[in-house]
Amino acid sequence: MTGSEIPKEYNAAEIEIKWMNEWDLSMYHFDWADKTRPQYIIDTPPPYPTGNFHIGNSLNWCYIDFVARYKRMRGFNVMFPQGWDCHGLPTEVKVEETHHITKNQVPRAEFRKMCEEMTEGNIIKMRNTMKRLGFSNDWSNEFITMEPSYYVKTQRSFLKMHEKNYVYHEEHPVNWCPRCETAIALAEVEYRENVTKLNFLYFSLAEDENEKVHIATSRPELLCACAAVAVNPDDARYGKFVGKELVVPIFGQKVPVIPDVDVDAEFGTGAVMICTFGDKQDIRWTKTHNLKITKAIDRNGKMTAAAGKYEGMSIPECKANIIEDLRCNGFLYEQQDLDQNVGLCWRCKTPIEILSEMQWFVKVNPEEILSGADQIEWIPEYMKVRLENWTSTMEWDWCISRQRIFATPIPVWYCNKCNEVLIADDSWLPIDPTQEKPPVACPKCGANDFHGETDVFDTWMDSSLTALHVSGWDSDHELRLPTQLRPQGHDIIRTWAFYTILRAKAIENKIPWDTIMINGMVLGPDGHKMSKSLGNIISPEDVLIEHSADAFRQWGALGGSVGSDVMFRWNDVVSASRLIQKLWNIYRFSLSNMDGFGTKDAASFDVSKLKQIDYWLLSKLNGLIDDVTGAMEVYKFDDAFKAIRVFAWDVLADNYIELVKGRLYGADADGKAAARFTLFTAVSTLTKILAPFTPFLAEEMYSRIGEGSVHQQGWPAKIDGLPADAEEKGELIKGITSAIRCYKSDNKMALNAPLKKIEIYNAVVDAADISNTVTSPTDLIEGAPEFESVPVEVKPNMGMLGPMFRDKAGAVIGALKALPPKEAEEMKAAGKVVVTAGGEQIELGADSIEIKKEMVSAGREIEILHVDEAVIVIVK
RNA sequence: GGGCUCGUGGUCUAGAUGGUCAUGACACCGCCUUUACACGGCGGAGGUCCUGAGUUCGAAUCUCAGCGGGCCCA
């Protein structure tokens with residue numbers, strides 16, 4: 001191979017697209033039949049198919065890909081599956097926008113179809129980005145949660161959990177948008193500052209209507225749903241009322257006065273009416289005090305029959321009427337302005353209500369989840385605390401029903417005759433109860449008249465099943481749980497990680513993964529979270545257009561340690577691109593000097609024929625293999641890649657190649673062969689060790705030096721038979737060369753300007769490589785030079801003196817530093833250092849100090865440099 | 001308000017188990033076009049290690065408090 005065949009410029013765009021099209025991706029497939037290699041299954045978290053594989057996903061996928069490629073090279077049977085978590089509100093909203101409809105205007109099945117079509121298009125776009133970024137996904141194990149083949153498992157898992165008594169059906173408060181007629185998640189509630197009226201009312205005591213309690217409320221329209229009045233137990237004003245009953249104005253129901261420490265005695269009158277449900281605090285009180293639930297508002301935001309004569313009114317209408325009636329009847333005695341934070345639907349800005357609805361729940365067993373979390377390795381470790389805190393403060397069980405359409409149907413029917421709940425039989429799955437009737441009669445009353453459950457599963461029910469799915473649960477394959485790795489962001493520990501552990505424990509009583517690797521968030525170049533409003537969003541495509549996938553991936557590796565938030569910096573990508581070009585130049589130089597030397601020649605090469613600096617380079621290379629391997633084992637991709645960068649640029653390019661050029665260009669056949677072997681070994685090792693990080697560059701490099709794909713090669717092995725002093729000698733050669741270069745720079749000389757002569761004393765090293773590199777005749781002279789050596793500084797040994805003298809150490813160190821250097825040297829030579837500190841004479845051993853010495857040139861036209869024990873004389 | 005996390009030259013960052021001159025990258029300045037590379041090489045300048053107190057002979061490193069940023073959750 002000659003240099004002329006290798007282009008000077010590394011054309012990343014061209015080369016990356018070439019390999020993307022040429023690669024046979026089946027080389028990344030997991031082999032279910034293989035019993036020899038250990039399995040390494042990754043529970044890839046399926047992204048939501050927005051159509052846009054964003055930079056946060058990309059960082060996460062970089063981490064996964066580094067691990068997947070590394071593990072393959074280490075001989076594991078790796079599965080890096082790709083899934084798509086399709087169901088959810090954002091797609092429903094997008095479909096409504098695109099088709100200018102609301103979901104209730106079209107049949108459910110039709111709306112679902114629209115959502116599916118949009119999702120399919122989005123998945124195609126995202127797949128393309130992923131392939132372009134060089135991720136080594138196993139596409140034979142792709143899963144799409146909206147497909148019956150996947151959601152049948154969600155439904156089956158529901159049946160399994162029901163059998164095991166994890167599932168129940170109960171009335172429960174939900175955030176409800178009366179306009180959209182759906183429950184919405186807490187995350188979908190937006191808050192706005194608002195001013196409302198705080199109304200001061202009289203409630204009279206049931207046993208004595210002349211005795212009044214003053215109540216302040218902002219929600220008088222909920223009077224009909226008032227279930228109790230709460231006061232602070234320490235509030236002296238109300239102590240006498242506790243345990244007695246009050247009569248609610250207008251509606252006349254009797255409600256108890258109850259004590260509760262959560263009541264703020266300072267707010268309003270200090271007496272609070274608890275209703276179904278004015279706010280979240282009402283939910284807590286209703287639950288803790290087991291209060292009666294009265295539904296005053298229906299799903300359309302209208303007052304129910306419970307509101308008596310106000311039935312059918314909208315909430316604001318009812319509020320105005322009730323206030324008027326309270327005033328007329330003398331119940332209202334004052335109104336004040338009140339600042340409040342009102343919860344709005346994020347889509348239509350309608351104030352949300354808290355309604356009580358029948359919902360399906362999954363029991364949360366904190367002990368089970370915590371013990372599961374303990375058996376999992378957390379990377380980084382401190383992330384486990386987040387799960388523990390969340391788990392131990394869970395107030396409620398997991399509500400798995402949602403009032404949506406594009407989601408996995410809950411396979412349940414209700415008998416119209418007797419209200420019996422009929423849960424689907426396993427053999428009927430997959431099934432949509434809104435589209436199909438059950439094939440049996442009601443087991444309780446024998447009727448054949450059902451209505452299907454219109455609520456659907458929370459999307460987490462699909463996505464918390466991935467660990468089971470990818471490890472072969474409910475398939476023809478044997479179950480391979482636990483999987484080895486779950487990579488995911490720290491923002492979803494409380495949801496995704498939590499639910500997945502819960503499900504694996506509930507269904508198979510196993511942990512889902514051996515290890516969970518948590519990635520941080522990607523911040524914009526300004527250090528803030530990327531957002532449309534800040535305008536700091538950068539997409540992977542932006543980076544691909546200007547640079548390359550390999551450069552982007554380096555940013556992923558170097559941006560920060562796993563778990564920490566990573567800023568996107570163009571700088572990192574620019575410097576990554578430069579490294580790629582630098583690596584290419586190293587590669588180009590090396591191959592152009594090989595003259596046919598290749599893998600076979602390297603295999604039969606006699607290592608004992610190498611020169612000192614060759615040994616040094618190979619020893620450094622061994623160190624690199626150790627460092628990168630060690631870092632990869634603990635998911636420190638930044639450390640791993642930094643080590644590669646330092647080796648390639650600093651060690652190999654700036655030092656070894658410069659030192660070895662003389663031999664490569666020279667006539668000495670042995671020296672040349674040694675250099676070729678060393679260079680070839682370094683380049684081929686670099687190619688393999690780069691493969692997990694920069695798969696395109698590595699493949700391009702490997703294509704000229706090896707057979708097949710670099711991504712099917714084994715991880716590089718260390719070179720045996722290096723002398724023990726390899727690094728020491730090499731460092732000295734490097735140090736001497738560097739000192740001479742530094743001398744030239746200080747004296748404003750060109751780097752290649754020849755010096756008359758260089759003499760190296762007191763260093764047994766190869767002078768030939770040095771001589772070539774500094775372009776000057778160089779003599780190696782045994783022993784010390786005949787110049788006067790002058791001690792110039794005393795350096796006390798802190799590590800030894802500190803513990804020895806403790807509080808007196810400061811004085812001793814000071815006294816040692818103050819010694820005349822010449823005197824100190826004599827004492828050290830005699831093996832005994834005596835010093836006076838704090839009026840006391842102290843005797844120390846020779847190792848208590850180091851003496852720094854310099855040579856003086858004694859009038860000759862020379863310059864003297866010091867590198868460790870070696871002395872370099874430059875003759876001008 | 002709670003939990004977790006971070007705070008090191010202009011910017012970003014390394015710095016387990018406390019020890020002599022605090023790492024590197026980018027930017028900056030000077031010199032150098034030497035047959036891999038000027039997207040390069042060599043050299044240089046630049047730091048109250050957030051603040052305060054404490055532990056210690058000695059703290060960027062350990063403890064406490066405060067200030068400030070980030071994420072998640074109320």
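What you see is a predicted model; the values in this text were computed from it and never measured. Every chain is numbered from 1 and lettered A, B, ... according to where its sequence line falls, protein lines coming before strand lines.
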Going by the rule salt bridge (charged side-chain N to carboxylate O under 4.0 Å, His left out), which residues pair with A:Arg569 if we only count those two or more places apart in sequence or in a different chain?
A:Asp572

How would nucleotides 34-43 of chain B be written as a contact map, 5' to 3', with B for base contact, S for sugar-phosphate-only contact and - for no contact, using protein heavy atoms under 4.0 Å?
S-BB-BSSSS

When every nucleotide of nucleotides 5-16 of chain B is labelled 5' to 3' by its protein contacts under 4.0 Å (heavy atoms), B for base, S for sugar-phosphate only, - for none, what sequence of letters results?
S------S-S--

Rounded [atom1] spacing from [N] to [M] in Å:
N     : M     : atom1 : value
B:C12 : B:G30 : P     : 26 Å
B:C64 : B:A25 : P     : 36 Å
B:U13 : B:A60 : C1'   : 14 Å
B:G7  : B:A14 : C1'   : 15 Å
B:A36 : B:G40 : C1'   : 10 Å
B:A22 : B:G3  : C1'   : 33 Å

Roughly, in whole Å, what's the span from [atom1] in [X] to [atom2] in [N]?
X        : N     : atom1 : atom2 : value
A:Leu801 : B:C57 : CG    : C1'   : 10 Å
A:Asn797 : B:G58 : CG    : C1'   : 14 Å
A:His490 : B:C73 : NE2   : C1'   : 13 Å
A:Arg806 : B:G58 : CZ    : C1'   : 10 Å

Tabulate atom names and distances for all N/O pairs under 3.5 angstrom spanning the protein and nucleotides 45-47 of chain B.
none

Pairwise 5' ranking along RNA chain B for A:Met798 and A:Ser575, keeping only the more 5' one:
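Mapping each residue to its closest nucleotide by heavy atoms, the 5'-most match is A:Met798.
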
Test ring-ring contact (aromatic ring centres under 6.0 Å, His included) applied to A:Trp496 - qualifying residues, sequence neighbours left out
A:Trp460

Thinking salt bridges, do A:Lys734 and A:Glu658 make one under a 4.0 Å N-O criterion?
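So A:Lys734 does not pair with A:Glu658 through a salt bridge.
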
Please determine if A:Arg663 and A:Asp769 form a salt bridge, counting it only when a charged side-chain N lies under 4.0 Å from a carboxylate O.
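Result for this pair is yes, salt bridge flagged.
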
Looking only at heavy atoms, which two atoms of A:Asp565 and A:Gly520 are closest? And how far apart?
OD1-CA, 3.4 Å

Could you pull out all residues at least two apart from A:Ala824 that satisfy side-chain contact (heavy atoms from CB on, under 4.5 Å)?
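Listed in chain order: A:Val794, A:Leu819, A:Ile849, A:Ile851.
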
Distance col, row A:Asp260:CG vs A:Thr288:OG1, nearest 0.5 angstrom, shows 5.5 Å

Decide if the gap between the ring center of A:Phe637 and the ring center of A:Tyr63 is smaller than 6.0 angstrom.
yes

Worked check of side-chain contact (heavy atoms from CB on, under 4.5 Å) between A:Asp550 and A:Phe693
CA-CA 7 Å; A:Asp550 282 339; A:Phe693 297 99; over 6 Å; no

